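Every value quoted in this text rests on a predicted model; they were computed, and no experiment measured them.
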Amino acid sequence: MTIRVIIVDDQAMVRAGFAALLAAQSDIDVVGEAPNGRLGVEVSRNTHPDVVLMDVRMPEMDGLSAARALLDPPPGVVHLPKVLMLTTFDVDDYVYDALRAGASGFLLKDAPPADLISAVRVVASGEALLAPSVTRRLIADFAKQRQAPRSDQSLRLNGLTPRETEVLVLIARGLSNQEIAERLVLAEQTVKTHIGRVLNKLDLRDRAQAVIFAYESGLVTPGEQ
């Protein structure tokens, strides 16, 4: 199955470079591009991509606003692409809010080409791009600035089994499925089953949302190991 991608970035050279790199892959098709968030939303609505590569800082409409428009569309719009945020700095204030808005993760613009290709495939498959340690640090830093745990989310944790709660904690700490399986001495497929149940019970989109929920509910405290 071919992954349909659009690239939204205000720098023409960045768009051209990413497009050339991705289009060279047999399983990726670049179906559009845009120089700002407003046009990016329009292009997405017209082309129905699987993944939107979205720059954070752009004129007219920034990447966060555009991501919100795509992931929380008006009535009648049924297409929901995966959104992968692109940022120049690993301390961008928008990252946490982008994940809360439903973005599936983020990638630094200066990441190696292989990382960009892998990121598109990971996000298209339904996973969240939360493996890099910088992501864990960012989420922890921004969560630390937030208010006290939200009681409504804490109550939702009561619906999880002890094992599911344990899995959620490890997801929030940035462990991969394989690492969780090794930590809990479980088969990797069993871990995937637990994660699916956690997402279903908590009505969460993906792992990125699970990490945010774990912090905001107070289940995980910033700085914990």
### Query
Can a donor-acceptor pair be found between the side chains of D62 and S65 at a distance below 3.5 Å?
yes
Side chains of [X] and [Y] in contact at under 4.5 Å (non-hydrogen atoms):
X	Y	value
V8	E33	no
L80	P73	yes
F213	L157	yes
V191	L184	no

Shortest non-hydrogen contact from [X] toward [Y]:
X	Y	answer
A19	V30	O-CG2, 3.8 Å
V43	A34	CG2-CB, 4.2 Å
K109	F18	O-CZ, 4.1 Å
V83	M54	CG1-CB, 4.0 Å
S44	P49	O-CD, 3.3 Å
R163	E166	NH1-OE1, 2.9 Å

### Query
Between Q189, K192, H194, which is the residue that forms a side-chain contact (heavy atoms from CB on, under 4.5 Å) with N177?
K192
### Task
From the options L22, V123, V14, select the one residue that forms a side-chain contact (heavy atoms from CB on, under 4.5 Å) with L53.
L22
### Task
Decide salt bridge (Lys or Arg N to Asp or Glu O under 4.0 Å) for E42 and R45; before the verdict, give the C-alpha distance in whole Å, the side-chain angles of both, and the deciding distance to 0.1 Å.
CA-CA 5 Å; E42 291 183 14; R45 298 260 166 83; over 6 Å; no
Working to the nearest 0.5 angstrom, can you tell me the gap between [X] [atom1] and [Y] [atom2]?
X	Y	atom1	atom2	result
L108	M85	CG	CE	12.5 Å
S125	I3	OG	CD1	8.0 Å
E164	I171	CD	CD1	10.5 Å
I195	I180	CD1	CD1	4.5 Å
I6	N46	CD1	CG	9.5 Å
I117	Q25	CD1	CD	3.5 Å

Counting N and O atoms only, with roles assigned by atom type, does the side chain of [X] sit under 3.5 Å from a partner on the main chain of [Y], one being a donor and the other an acceptor?
X	Y	result
E182	E179	no
N36	E60	no
R4	D29	no
T165	T161	yes

### Message
With a 6.0 Å cut-off (strictly less than), is the heavy-atom count around CZ of R183, excluding the residue itself, greater than 12?
### Response
no
### Message
Using side chain to side chain contact (heavy atoms under 4.5 Å, CB included), reason through V52 and L84 one step at a time and then give a plain yes or no.
### Response
CA-CA 6 Å; V52 177; L84 177 60; over 6 Å; no
### Task
Starting from the C-alpha separation in whole Å, work towards a yes-or-no answer on side chain to side chain contact (heavy atoms under 4.5 Å, CB included) for L64 and V56.
CA-CA 6 Å; L64 177 57; V56 169; over 6 Å; no
#### Entry: Trace of the side chain to side chain contact (heavy atoms under 4.5 Å, CB included) decision for R156 with L204
CA-CA 12 Å; R156 288 164 65 189; L204 302 173; 4.2 Å; yes
### Message
side chain to side chain contact (heavy atoms under 4.5 Å, CB included), that's the test. Do D50 and K82 meet it? Break it down for me.
### Response
CA-CA 6 Å; D50 300 301; K82 305 291 185 182; over 6 Å; no
### Verify same cluster id: V31, L39 (apolar side-chain graph, 4.5 Å)
no
### Ion pair check, R57 and D10, cut-off under 4.0 Å
no
